[in-house]
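What follows is a set of notes on a single structure, which appears directly below.
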Amino acid sequence: MRKTLVLVTLAVIGLGLTTAGSAASPALTAKAPLAATASSCSYAAIQPELFKRRVLTVATDSPAYEPWFYNNTPSNDKGYESAVAYAVAEQLGFTKAQVKWTVEPFDASFAPGPKRFDFDINEISYTAERATVVSFSVSYYAVQQALIAMKNSPIVKHHTPADLRTYVYGDQIGSTSLAFINTELRPTHQPSVFNTLNDAKSALQDGRIQALVADTPTAQYISSSEIPHSVLVGQFPSTGEHYGLLFAKNDPLVGCVNKAIKTLTANGSLAKFQKEYLGIYTSVPTIKP
Amino acid sequence: MPARESHGGAYLDEHRLLAAGAPPPSSFAGNGRGSHLLGGQRAAAISTVSTVVFLGGVITLFVFAPGAAAVRHTFFNPQQMKEAFLGDPSQGLYSVGKGLILNIEMFLIAEVLILSCALVIAVLRQLRNPVLFPFRMLAVVYTDVFRGVPLIIVIYGIGFGAPALYIRGISTQSDFVYGIAALVLSYSAYVAEVYRAGINSVHQSQVAAARSLGLSQWKSLRFVVLPQAVRTVIPPLLNDFISLQKDTALVSTLGAVIEANRAAQIDSSTLFVYSSYTVAALLFLCLTIPLARFTDRLIARDVTRRLAGSGAIR
């Protein structure tokens, strides 16, 4: 009995070795031929590449923040990112009802292993390092960082590059805004880092931090609708940062989605969404980091 | 012995089992040492083979799984592990090693406060003076509440609640202070129960003896009960201390305390890899494993001491 058990175990391991050896796909070394997959992006052709056939599974974090989404309900087709997701789906030949939303925490979105979505739309900025682990679509929004403070804070009037180093900042973990504080503003006091943007907002209200950095639309929304007596001090010049849809590394779908985003840029749809959802944010003063 | 004589059937059964190759009912039985040794050799061979097969299987899975390359890149990237340990401000990366210093500071300060607060609470619960009834009540309610509420909620409650109150002196403390306050509140409740168990483990006769020698209730507690009680509960106290070391990571939710785990989290979400978490885990193990071994040694020493004691009495 014991002998057979050992033999069976050995056989199973041997089998595992051979199959694993042949199935081992060097996921991180090979680049998928994007152009080749993009040649046929018909609804029928992309079915095998989907997480679930005949359904476009789109992920975002919860809570989903305004003005990117409204009422934490991505499926209401309101808010910039919700609108972009539905427009991309339409380009790929899906109806509105075929778009299924799923919650993917930001921290889990880049974990190795199979993804539980076709793409993730969650204000995720493209960086070269991140792109070694996941694939990004082309830009669907060019990002600029902006500064939010309480009205009575000295930062509202004094924000020369030298002044900016002296304040106490705070931000959400994982945001490129936090990286912006550390690499561009380089404050002398270590910035606070919160689990969620909401925690950072409450810290700003209670005076535990003096300023918060967020992308301009988020910053506008926070200062105009969320925190009473807060103000958008200004936005920083672009660093070339942009938001991209997040895919599993080398997902064959990227090529087709890129094609869809390019179409939406060319036909003015993205500009229209920006005007509709982000449009109140037109004249924002620029400050230098 | 009398049991065996009166149940001859059971005795025979034992022999039948032995003949069938089953291990003797009590492997510590004196005779039959030869066959025991033989079994030992066979057991050693089997355990060697099974260890090799098990470890081989695990390593095989880890090295040859289809996603192994991705997992190695994400969790065990030496370059990124080094970066995470040292930090790189130009890239917005924090140092996990530097963060660990904060963890160590927090748990050392907290542990000292916890050990003293908890002892006071445990003693309060033990005192039988009717005047002290409200304090006894308070101690019971306190341990019930703070053992029941998740630590993370206590941390949030104090760290976000206290500043919102705008009370001079309380609302302007640093997150470091709020965090330690929350750890002390929560852990004192647990540790008080550990002390209480230790106090209850001291036999009533000890108290009776102390009182009959003319010691007051307080003095018999202080000089007779507590020294024995504390010595008994040192291993569980160290166990709670290990747990506290890890829970200091939760304080980072308040924002300003960038300890090892938070530094690792920031590095992870900046670069989209988890190697920084591996660094944090290894650093925490470097702290907790020596303490765990030390606890084992204390327990072993206590056991031998007690056995030696009973031998001397005999």
Side-chain angles (χ1 to χ4, degrees), chain A residues 2 5-6 9-10 12-14 16-21 23-29 106-107 109-114 124 127 129-134 168 170-171 173-176 178-184 186 189-195 199-200 202-203 205-209 246 249, chain B residues 46 49-50 52-54 56-61 63-75 77 80 88-94 152 156 159-166 171-175 178 252-258 262-263 265-274 277:
Chain A
R2 200 175 279 141
L5 251 178
V6 171
T9 319
L10 281 174
V12 166
I13 289 167
L17 254 172
T18 49
T19 51
S25 58
L28 291 157
T29 51
F106 171 74
D107 279 347
S109 64
F110 51 88
I124 303 175
T127 69
E129 290 101 349
R130 288 174 169 186
T132 62
V133 185
V134 294
V168 180
D171 227 309
I173 194 163
S175 63
T176 42
L178 175 66
F180 184 87
I181 294 172
N182 282 316
T183 58
E184 305 291 326
R186 295 184 305 282
H189 191 282
Q190 193 176 44
S192 291
V193 184
F194 299 94
N195 280 3
D199 284 352
S202 106
Q205 265 180 304
D206 295 338
R208 290 163 58 210
I209 57 173
L246 182 148
K249 183 71 185 162
Chain B
I46 291 171
V49 170
S50 105
V52 167
V53 168
F54 175 72
V58 170
I59 292 170
T60 306
L61 267 179
V63 174
F64 293 101
V71 167
R72 274 201 302 277
H73 175 83
T74 315
F75 287 91
N77 188 326
Q80 270 150 359
D88 181 1
S90 71
Q91 281 192 75
L93 297 182
Y94 288 66
I152 185 109
Y156 259 106
F160 280 68
L165 290 172
Y166 291 98
S171 297
T172 50
Q173 296 298 326
S174 69
D175 286 352
Y178 292 138
S252 67
T253 49
L254 297 185
V257 182
I258 313 282
R262 177 50 50 112
Q265 238 179 328
I266 297 170
D267 293 353
S268 164
S269 53
T270 308
L271 298 176
F272 277 20
V273 290
Y274 296 92
Y277 285 119

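Convention: sequence-line order gives letters A, B, ...; per-chain numbering from 1.
- Residue with the most contacts toward chain A among B/P89, B/S268, B/G67: B/S268 (heavy-atom pairs, distance under 4.5 Å).
- In this structure, B/Y166 and A/D206 have side chains that are in contact, with non-hydrogen atoms separated by less than 4.5 Å.
- Note: A/E129 leads A/H189, A/E129, A/R186, A/Q205 in heavy-atom pairs under 4.5 Å with chain B.
- In this structure, A/V193 and B/R262 have side chains that are in contact, with non-hydrogen atoms separated by less than 4.5 Å.
- The parts of A/P191 that come within reach of chain B are both its backbone and its side chain, each placing non-hydrogen atoms under 4.5 angstrom from that chain.
- Contacts with chain A were tallied for B/V257, B/V63, B/I266; B/I266 has the most, counting heavy-atom pairs under 4.5 Å.
- Using a 4.5 Å cut-off between heavy atoms, A/L178 contacts chain B through its side chain alone, with no backbone atom that close.
- Contact annotation for A/A200: neither backbone nor side-chain heavy atoms come within less than 4.5 Å of a heavy atom of chain B.
- Interface remark: B/D267 contributes no atoms to any contact with chain A (heavy atom separation under 4.5 Å).
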| Please walk me through it: do A/R130 and B/L271 pass side chain to side chain contact (heavy atoms under 4.5 Å, CB included)? | CA-CA 5 Å; A/R130 288 174 169 186; B/L271 298 176; over 6 Å; no

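- Using modelled atom types, no side-chain atom of A/R208 and backbone atom of B/P163 make a donor-acceptor pair closer than 3.5 Å.
- Residues forming a side-chain contact (heavy atoms from CB on, under 4.5 Å) with A/T183 (at least two apart in sequence, or on another chain): none.
- Both the backbone and the side chain of B/F160 have a heavy atom closer than 4.5 Å to some heavy atom of chain A.
- Within the model, atoms CD1 of B/I258 and OG of A/S192 stand 6.5 Å from one another, a figure rounded to the nearest 0.5 Å.
- There is no contact between A/F180 and chain B, counting heavy-atom distances below 4.5 Å.
- Qualifying side-chain contact (heavy atoms from CB on, under 4.5 Å) partners for B/L61, counting only residues two or more places apart in sequence or in other chains: none.
- Just one of A/D107, A/T132, A/I124 meets the side chain to side chain contact (heavy atoms under 4.5 Å, CB included) condition when paired with B/F272; it is A/I124.
- Using a 4.5 Å cut-off between heavy atoms, B/S174 makes no contact with chain A at all.
- Heavy-atom distances place both the backbone and the side chain of B/T253 under 4.5 Å from chain A.
- Across all their heavy atoms, B/F75 and A/P112 have their closest contact at CE1-CG, 3.8 Å.
- Looking at A/V168, neither its backbone nor its side chain comes within 4.5 Å of chain B, counting heavy atoms on both sides.
- B/Y156 is listed as a side-chain neighbour of A/D199, based on a closest heavy-atom distance under 4.5 Å.
- Atom CG of A/N182 sits about 10.5 Å away from atom OG of B/S90, to the nearest 0.5 Å.
- Residues A/F106 and B/S269 come closest through the heavy atom pair CE2-CB, 3.5 Å.
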